[in-house]
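First comes the structure, then the notes that go with it.
These figures come from a predicted structure and were not determined experimentally.
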Amino acid sequence: QAQLVESGGGLVQAGDSLRLSCAASGRTFSMYTMGWFRQAPGKEREFVAVINWSGGNTYYADSVKGRFTISRDNAKNTVYLQMNSLKPEDTAVYYCAQYRSAYSTYDHDFAGTYDYWGQGTQVTVSS
């Protein structure tokens, strides 16, 4: 069993930056791909970014590419999402998730391949 706890959300203005953190426990963190997803009101949960177990590979949704950066610190069992140049359309609850299988990134943009989820942190961007 893994436990994930997000932090760092808040209310900001368009163009501002935020850094989300997700602290993990319960499984060997360095063995698992970690992802960030988000869900806006009335919309389905969508993929934002993913980082593989070593941090050597990252992938982003087109909507955030060039503005968001995912990173991880395996010594601290934490994954981060640095969000720059925020837009009102980035407003959502952001969730971190841990991949089902160790040392794998197959279907990394599909929520169903992640077995563990945090409680979410609200990000609101005003115009």
### Query
Under 3.5 Å, is there a donor-acceptor pair between the side chain of Asn57 and the main chain of Asn52?
no
## Note on the structure
salt bridge (charged side-chain N to carboxylate O under 4.0 Å, His left out) filter on Arg100, not counting sequence neighbours, yields Asp115
### Message
For a quick test of reading the model, state the closest non-hydrogen atom pair linking Thr33 to Val50 and the distance between them.
### Response
CG2-CG2, 3.2 Å
#### Entry: Other cluster members, Leu4 - Ile/Leu/Val/Met/Phe/Trp/Tyr, side-chain contacts below 4.5 Å
Val12, Leu18, Leu20, Phe29, Met34, Trp36, Val48, Ile51, Tyr60, Val64, Phe68, Ile70, Val79, Leu81, Met83, Leu86, Tyr94, Tyr116, Val123, Val125
### For Lys43, salt bridge (charged side-chain N to carboxylate O under 4.0 Å, His left out) partners two or more places apart
none
#### Entry: Exercise: identify the closest heavy-atom pair between Ala92 and Ala40
CB-N, 3.8 Å
### Task
Please collect all salt bridge (charged side-chain N to carboxylate O under 4.0 Å, His left out) contacts where either partner lies in residues 23-40, sequence neighbours excluded, each pair once.
Arg38-Glu46, Arg38-Asp90
#### Entry: Min side-chain heavy-atom separation Trp53-Thr105 under 4.5 Å
yes
### Query
Within the distance-only criterion (no hydrogens, no angle test), does the side chain of Thr121 pair as donor or acceptor with the backbone N or O of Glu6 below 3.5 angstrom?
no
### Query
Taking only residues two or more places apart in sequence, or in another chain, which ones meet Thr124 in a side chain to side chain donor-acceptor pair (under 3.5 Å)?
Gln122
### Message
Restricting to ring-ring contact (aromatic ring centres under 6.0 Å, His included), what partner residues turn up for Phe37, sequence neighbours left out?
### Response
Phe47, Tyr114, Trp117
### Message
I'd like to check the side chain to side chain donor-acceptor pair (under 3.5 Å) partners of Thr58; sequence neighbours left out, ordered by chain and number.
### Response
none
### Message
Checking Thr28 now: which residues fulfil side-chain contact (heavy atoms from CB on, under 4.5 Å) with it, not counting sequence neighbours?
### Response
Ser30, Met31
#### Entry: Pairs meeting criterion salt bridge (charged side-chain N to carboxylate O under 4.0 Å, His left out) with involvement of residues 7-25, two or more places apart
none
### Task
Mind listing the closest non-hydrogen atom pair of Ala24 and Gln98 along with its distance?
CB-NE2, 4.4 Å
### Summary
Residues at least two apart in sequence or cross-chain that pass side chain to side chain donor-acceptor pair (under 3.5 Å) with Gln3, listed by chain then number, are Ser25
### Query
What are the two closest heavy atoms between Thr78 and Ser21, and how far apart are they?
CG2-CB, 4.3 Å
### Task
Check Pro88 against Ser127 and note the closest heavy-atom contact, atom names and distance.
CG-CB, 3.8 Å
### Message
Test question: given the 4.5 Å side-chain rule for I, L, V, M, F, W and Y, name all other residues clustered with Val5, or answer none.
### Response
none
#### Entry: Test side chain to side chain donor-acceptor pair (under 3.5 Å) applied to Gln82 - qualifying residues, sequence neighbours left out
Asn84
